[in-house]
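Notes follow the structure.
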Amino acid sequence: MPTSASPPSSASASDSLSSLAVFSTRRHSDLLARLTSSDTHVQLKALRELKNRIIGNRTKKLFFIKLGLVPAVADILASKTGAVVPDDRNSDLLIQSAAVIGSFACGFDAGVHAVLDAQVFPSLLRLLSHCDEKVVDAGARSLRMIYQSKLAPKYDFIQQKNMEFLLSLLNSENENVTGLGASIIMHSCKTVAEQKALCLAGVLKKFIRLLQGSLSQRDASLESLAKIIKNNVEAVSEFVGLDSGRALSTVIELTSDRYPRTRLLASLCLIVIRNTCPCYLQDIAIKTKLVHLLLELHDDPGQVGDEASFAFSSLIAGREDLQKLAFEANAIDKLYNHLQKGALHPMRVEGILLAMADLCSKMDSCRFKFLTLKALKLVIDGLTQDSSAVRAAACICLKSVSRSIKSLCAGDFMDETIVFPLVQLLQDPCTSVQVAALSAVGNIVLDFTKRRSIFIRCGGATQLVQLSKSMDSALRLNALWALRNLMFLADTTCKEGIFGELEASSLASLVCDSEPVVQEQALALVRNLIDGSVNCIEFVFAEDGIILHSVGRKLQSVPKVEIAIQGMYLLCNVASGNEFHKDAVMNQLVKQADNGMQSFMIEFLQSSNSQLRTASVWTIINLTFPSVPGASGRVSKLRNAGILSQIKSMVNDPSPEVKLRIRTALGQFTTSGADST
C-alpha cells in the first residue's frame, strides 16, 4: 500500500540569509588566502578582483578591512618594492596593490586609518622613484587619495630634505606626481611660517608654470596657491607682483575657463587675494564678475554647484559693497529658487542657507526681500533636517534675518512655528547646532511686542537657564547673551520667574566665570534684570547680597574694559534705588580705600575709554542726588576716598558726554553743601 510522502521542509528567510553570509565570508576568506599565495599570478588576479569589489562601495571596504585584507596588500607592496630585479610581473603587482590601497583610502576615513596602520606609506613613497612610469603614476595616485583625508600625516616643509622632495614632485613631468605635491601642500600648509618657507623655495613660481599645464594641474595649482597666500599679506604681494602682474592676470582669465571647476577655483583664489589684501582687485568690473559667476555656478548639478554657495559667502561676508552688488544681481531670488527645488544634497542646502545669512547680515533691503519671498518657511524647514550642518546653517540664517528692528517690532519672529523648533534645537546632540540656535534665540527674544510668553511657554527660558550652567563655555556665553536680551525691557513678572530658575548663587558664580567673555555677559544680564522698578533691584541682594559682593570683587580686578563698563552700569542701576541700595553701592566703591588702597573708581574715571568714564560718573550722580537724605554723607565718603578730587579734575574731559555728566555731578555736590576740598 503506497504511503503518502511528507512535503520537504522549507528553510526560513533568516536561515537563507545566514547561509548566504557564511558563504560570502568563506568566499572573502578565500580572497585573503589568494593574496598571501606564493604564486604571483594568483596574487595579481586577487588584487584585481578586490579592487573591482571595493571601488565606490564603503560597505565592502569596511568588510574587507575587518577581514584583514589591507595588511595583506601592504605586504605585497612592501615585498615587491624591495625586489632586486624589477620585472613586468612585479610592476603589475605594484600597480594593482597601489590601486587597491588608494581605493581603500578614497573618501573613507576608516580606509585611511587601515592603510596608515598597515605602515604602507614608505612603500608608496618608494614607488615614486621606480623606473616604470606606470608604477610611479599608480603610487602618486594612491598617495593623493590618502592626502585627501584629514587623517593623512602632516608634512614638515621646514625641513630642508622634505622641501627638496616636494620641489622634485612639482618639477615632475607626471601630472599625478605634481598633483601629489599640490595635495601635500593643501593638506599640510597651516602656518605663516610654512607659507613663508614655500614662498622662499619658489613654489609660487612653480604653480604659475603649472597653470599652463593640463586641466588637473591647473586645478591643483589654483587650490594650492589659495592655500599658500591665504591671510598672508606678504605672500599675496609676492604673488601679485610675479611676472609683472601676469600671474594675477592668468588667474583672472581662468575665471572664464570652459570648465566649471576651474572657474570656481580661480574665483576662490581671487577671493583669497581680495580678503587678505583689500587694496587689490578694487575694480568694480572684477567684483561684479565674481558675483555673477558664482551665482551662475549654482546651476552646476554636481560638486561645483555644492561648493559655489560657500565661495559666494566668502566673497560677500562682512562686505556691504559686495552684498549690494549681489542684491542688485538678484542673488536672493536666485538662491531662493535653488532652495525651492527640493531633494538637494545637504551640503548644497547648508551652503545656500549660509549664503542667504551673509546676504541678510547688514542690509535691511535684503532682509525685506527675503521675507517678501516667504523664504522664511524654507529656513524653518531646515531647523528639523537630519543633517546637523543644515540645522546649524538654518539657525545662522534665522539670526541674520531677525536682525531687522522693523520685523522685531512687528513680532514677525515670535511665532510658535519658529520658536518651538528653535527651542527644540537647544537640546540638540550637536554642540555647534546648540550654539547656532542660541545665537538665533538671542535675536528673536529681543521682542518689542511683549510676546515673550510664547518663548517661555515653549520651555525656552528653562533651556537657556540650564545651558547657562553648561561646562561648555560657548554654550554658557550664548545662553547668557540670550537671557540678557530676554530680560531687556521685560516686565517684573517675567524677570521674577526667570530669576527664580537662575538662582542668585549661580549668577554670582557666572560673574566670576573663568572666561572673561562669560563674565561680561553675566554682568550685562544682571544689569538688565535689575533695570526698571525698585523691586527688581532687590534681586542682587538675594542670598545675603551674594551677587552684589561678586560684582564688587570682580571690579577690583577686571581682565578687560568691557567687563568694567557692564559692572559700572550695573552698580549705576542699583544706585538709582532707595537709601539701602545706594549705601550698598557706596560700600563697594570705598571698600578698597577703607583698607588703605586706591578705589577702582579712580582707575575707571581715568580710563581712556569714554564709555567707562561715563558709566562711572553716572553712578556718582545716582549716589549723590541732593534730594535724598544720605547724599551729603556719601559725598564725604567719596571725598575721603579721593574720588571727589578726581571728578573735579575732569571738567574739561575730551568726551562731550562725560563733560556734561561731570557738570551734573559737581552741581549736585554744591547743592549737597559738601563741595569743599
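Starting from 1, each residue takes its place in the sequence as its number.
Distance check: Phe669 CZ to Thr664 OG1 gives 10.5 Å after rounding to the nearest 0.5 Å. Taken to the nearest 0.5 Å, the CG atom of Leu438 stands 6.5 Å off from the CG atom of Leu464. Interatomic distance, CG of Leu623 versus CG of Leu638, reported as 6.5 Å (0.5 Å rounding). Taking CG of Leu529 as the reference point, atom CG of Leu570 lies at 9.0 Å (rounded to 0.5 Å). The CG atom of Leu489 sits 11.0 Å away from atom CE of Met487, with the distance rounded to the nearest 0.5 Å. Note that the CD atom of Gln668 and the OG atom of Ser627 stand 8.5 Å from one another [nearest 0.5 Å].
With a 6.0 Å radius and a threshold of 12 heavy atoms from other residues, nucleotides or ligands, Lys377 has its NZ atom at or below the threshold. Annotation for Phe541: atom CZ counts as buried by contact number, over 12 foreign heavy atoms lying within 6.0 Å. Counting non-hydrogen atoms of neighbouring residues, nucleotides and ligands closer than 6.0 angstrom, the NZ atom of Lys554 exceeds 12 such neighbours. No more than 12 heavy atoms of other residues, nucleotides or ligands lie within 6.0 Å of CZ in Phe625, so this atom counts as exposed by the packing criterion. More than 12 heavy atoms of other residues, nucleotides or ligands shown are found within 6.0 angstrom of NZ on Lys591. Atom NZ of Lys230 has 12 or fewer neighbouring heavy atoms from other residues, nucleotides or ligands inside a 6.0 Å radius. For Tyr336, the OH atom counts as densely surrounded, since its 6.0 Å shell holds more than 12 non-hydrogen atoms of other residues, nucleotides or ligands.
In this structure the side chain of Arg484 never reaches within 4.5 angstrom of the side chain of Phe488, judged on heavy atoms. You'll find the side chain of Thr191 stays beyond 4.5 Å of the side chain of Lys196, heavy atoms only. Between Ser400 and Phe370, every side-chain heavy-atom pair lies at or beyond the 4.5 Å cut-off. Side chains of Glu562 and Pro516 form no contact here, defined as non-hydrogen atoms less than 4.5 Å apart. Using a 4.5 Å cut-off on side-chain heavy atoms (C-beta onward), Tyr569 and Thr614 make contact. Taking 4.5 Å as the limit, some side-chain heavy atom of Cys536 sits within range of a side-chain heavy atom of Thr492. Contact check for Glu350 versus Ser387: no side-chain heavy atoms found under the 4.5 Å cut-off. Side-chain contact between Met601 and Ile620 is present, with heavy atoms from C-beta onward closer than 4.5 Å.
Side-chain N/O atoms of Gln606 and Gln646 include a donor and acceptor closer than 3.5 Å. In this structure, a donor-acceptor pair under 3.5 Å is absent between the side chains of Glu657 and Ser610. Looking only at atom types and distance, the side chain of Ser550 has a donor-acceptor partner in the side chain of Arg553 under 3.5 Å away.
Between Asp364 and Arg403 there is no salt bridge, since no side-chain N of the basic residue sits under 4.0 Å from a carboxylate O of the acidic one.
Across every non-hydrogen atom of Ser309 and Ala355, the tightest pair is O-CB, 4.0 Å. Smallest separation of non-hydrogen atoms from Ala436 and Ser439: O-OG, 2.6 Å. For the residue pair Gln195 and Cys189, the shortest heavy atom distance occurs at CG-SG, 3.6 Å. Between Glu416 and Ile454 the shortest heavy-atom distance is CG-CG2, 3.8 Å. Heavy atoms only, all atoms of each residue included: Asp333 and Lys369 are closest at OD1-CE, 3.0 Å. Closest approach of Arg452 to Leu486, counting heavy atoms only: NE-O, 2.8 Å.
Sequence neighbours left out, not one pair with a member in residues 384-403 passes ring-ring contact (aromatic ring centres under 6.0 Å, His included). Identified under the salt bridge (charged side-chain N to carboxylate O under 4.0 Å, His left out) test for residues 519-546, with sequence neighbours left out: Glu520-Lys560.
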| query | Should Asp321 and Lys287 be marked as a side chain to side chain contact (heavy atoms under 4.5 Å, CB included) after you check the CA-CA gap, both sets of side-chain angles, and the distance that decides it? | reply | CA-CA 9 Å; Asp321 59 330; Lys287 295 179 187 177; 3.3 Å; yes
| message | If you apply the rule side chain to side chain contact (heavy atoms under 4.5 Å, CB included), what do you find for Phe368 with Met363, and how did you get there? | response | CA-CA 9 Å; Phe368 178 75; Met363 297 168 56; over 6 Å; no
| field | Step-by-step side chain to side chain contact (heavy atoms under 4.5 Å, CB included) determination, Asp653 to Val617 | value | CA-CA 12 Å; Asp653 193 276; Val617 178; over 6 Å; no
| task | Go through the steps to decide whether Leu555 and Leu571 satisfy the test side chain to side chain contact (heavy atoms under 4.5 Å, CB included), and finish with yes or no. | result | CA-CA 10 Å; Leu555 291 178; Leu571 291 183; 3.6 Å; yes
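In terms of modelled atom types and a separation under 3.5 Å, the side chain of Asn609 and the main chain of Leu612 share a donor-acceptor contact. The closest donor-acceptor contact from the side chain of His549 to the backbone of Ile546 lies at 3.5 Å or more, if one exists at all. At least one donor-acceptor pair closer than 3.5 Å links the side chain of Glu579 to the backbone N or O of Gly630. A donor-acceptor distance shorter than 3.5 angstrom exists from the side chain of Gln434 to the backbone of Leu426, with no hydrogens or angles considered. With Arg663 contributing its side chain and Arg661 its backbone, the two residues share no donor-acceptor pair below 3.5 Å. In this structure, Lys582 contributes its side chain and Asn622 its backbone to a donor-acceptor pair below 3.5 Å. Checked by atom type and distance alone, the side chain of Arg391 pairs as donor or acceptor with a backbone atom of Asp386 at under 3.5 Å. For the pair Ser607 (side chain) and Glu603 (backbone), a donor-acceptor distance under 3.5 Å is absent. Using modelled atom types, one side-chain atom of Thr619 and one backbone atom of Met568 make a donor-acceptor pair closer than 3.5 Å. Side chain of Ser576 to main chain of Asn573: a donor-acceptor pair is present (N/O by atom type, distance under 3.5 Å, no hydrogens or angles).
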Under 3.5 Å, which donor-acceptor pairs link side chains of residues 470-480 to any protein atom two or more places apart or in another chain?
residue: Ser470; atom: OG; partner: Asp472; partner atom: N; Å: 3.0
residue: Asp472; atom: OD1; partner: Ala474; partner atom: N; Å: 2.9
residue: Asp472; atom: OD1; partner: Leu475; partner atom: N; Å: 3.3
residue: Arg476; atom: NE; partner: Asp513; partner atom: OD1; Å: 3.0
residue: Arg476; atom: NH1; partner: Ser470; partner atom: O; Å: 3.0
residue: Arg476; atom: NH1; partner: Met471; partner atom: O; Å: 3.1
residue: Arg476; atom: NH2; partner: Asp513; partner atom: OD1; Å: 3.3
residue: Arg476; atom: NH2; partner: Asp513; partner atom: OD2; Å: 3.0
residue: Asn478; atom: ND2; partner: Ala474; partner atom: O; Å: 2.8

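Of the residues Leu322, Leu315, Ile316, the one that meets the side-chain contact (heavy atoms from CB on, under 4.5 Å) test with Asp358 is Ile316.
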